[in-house]
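First the structure, in the form of structure tokens, and then the observations on it.
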Amino acid sequence: MIDNSSIESLKSSIDIVDVVGSFVELKKAGANYKANCPFHGEKTPSFVVSPSKQIYHCFGCGVGGDSIKFVMEMEKLSYPEAIEKLASMHNFSLTYTKGSSDYSDAKRVLEAIGQWYVKNLNQNTAAKQYLLDRGISQSSIERFEIGYVPSGQEVMQFLTSALLPLPKAAEAGIIAQSENGQGYYARLVERITFPIYSASASIVGFGGRTITNHPAKYINSPQTKLFNKSRLLYGYHLAKESIYKNKKIIICEGYLDVVMFHQAGFTEAVAGMGTALTTEHLPMLRKGDPKVILAYDGDKAGVSAALKAAQMLSTAGFDGGVVLFPDGQDPADLIAKGQSEKVATLLRDPKPLIPFVIEKICEGYDLTDPRAKEAAFTEVKQYLEGMSQIIKEAYIPLASTVLGVAPAMFGKQTNLAQRQERFSQRRDDVAQLGILKTLLEKPELIDTVLNVVDVSMFAQYAGLFSALLVGEKDHPQLVGLSVDDTFQVMNEDELKDVLRNFLIKHYDTKLKSVVSDTAMPFAKKSFIIRKIKTDIIPKLKRGELVTFDEKLL
Ligand code: ZN
């Protein structure tokens, strides 16, 4: 078991903004951060992270909790697994009570086998020669810890002789259990190996490239607790410093490209794990606020990958551009042939993301055909709708020129009417929710409030009010309210003012409903009307609060 005190110190050393921010794209909103909820599909962010309370809450689907809960839900992990995951994300060493298994064993296996792979490379002339032929220098081989994995039998022998527990090696993705469950086999054999590190520079897996014309050119570690390929970037731990310093990150297509870019002095280069860039990469890319340069092959696959990535990045508000290497000349080859200067020239002049997207979308259509032109227009318009008004308007002239349509066709769609409607609907709720929010933070004011109102006066929020009174702290709506920036915590005077206005409105409405109530006995009716008209309302208007009277219900 994980030692409790070490869980506590882990908890106190992590920040929910970091934790959630490494899974989803967070945007600052007042004192909080906002995002599109990762737990339910949505287009407008209703997911809020509160750094002061160290909790998250979704106003859309009601989920909420602390960092650990978030990781549990996000990664479908048990409590101890989530703790281990958080610890590994933050390079935090947990202590374990005696006799329990240590998750960091998997990491130890990765480190040991990585060193062994490196040693093997020097003994395998074919593998070493392959790298040298590709123009990779000895110092790059060392810097990137490139290695070689021999036969499966040798892998198993190594693990046994190094006393590395096989279940841990399986957990680390090095070996897998054979189908009959009788034994293990090595997942990566006879390949050049590239260790893959997390952003915090701990080893999480390997990529392997065949040199024997195996149909799968590259194989990566399988998804493990440590290795999540959609959130890793190859070379990031080596590029990090330059990325921060030069405010630039170069994303290329393959591991060898990364190695060659670094070798040629472009030390901001990273690559995806053989998969497309996804929104899961955005939090990592955002770190250090760099310009993102996509350095892709100019072939069909490269262009389409660049288009998708550029579209995603620009919509997410990234600055940057695209460099396509012409005629299938891949950058690694250019550098190997001593043409680093050519690469540098291309990198200095990237096509900015938004114009790149607009032009590539249009190139995909025959604009002389009206129907195709209409489809291109719709696609470009949709793309621009995803941008802020200012950015959108800045690029309408370019889009209309490329498409050959009038700028006016892009229109000025404001959602002002919609927004106003939503606001007025909410305005009536502001008083009640503001009162509840204040009581959440300042329970000592509860008597002041209960003295003048009854729970039932809160109509649709009566349930919430009751939950608050009985101290149901984890009621999802109460948690939501506590992180909702729309409502301010009031001081006592402000609270009394709001209460007074709330009561004036309440008794006004009450008066009208009593007057028109034909079923109410005459004596009661006249009592209530007189009480409200001659006593309550005048007092409230004078600035006094009036004690709640049950007879008025
Ligand atoms: Zn949600």
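One-based numbering, in listed order, for ligands and for the atoms of each. What's counted below: heavy atoms across the whole structure, side chains too, no hydrogens, waters or symmetry copies.
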At what distance, to the nearest 0.5 angstrom, does CZ of F92 lie from CG of L10?
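Reported to 0.5 Å precision, the distance equals 5.0 Å.
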Rounded to the nearest 0.5 Å, what separates atom CD1 in I55 from atom NE2 in H57?
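So the gap between those two atoms works out to 8.5 Å.
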For the residue pair Y218 and Y255, is the inter-centroid distance of their aromatic rings smaller than 6.0 Å?
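Yes, the ring of Y218 comes within the 6.0 Å limit of the ring of Y255, centre to centre.
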is_close_aromatic(Y33, Y56), centroid dist under 6.0 Å:
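No - the distance between ring centres of Y33 and Y56 does not fall below the 6.0 Å cut-off.
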Measure across E385 and F410 and return the closest heavy-atom pair with its distance rounded to 0.1 Å.
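Nearest pair, atom of E385 first, then F410: OE2-O, 4.4 Å.
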Atoms named by residue and atom, protein N, O or S, within reach of the Zn ion (ligand 1) (under 2.8 Å)
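N, O, S partners closer than 2.8 Å: C37 SG, H40 ND1, C58 SG, C61 SG.
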Out of D454, V449, L478, which residue meets the side-chain contact (heavy atoms from CB on, under 4.5 Å) rule with F465?
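Going through the options one by one, the only one that passes is V449.
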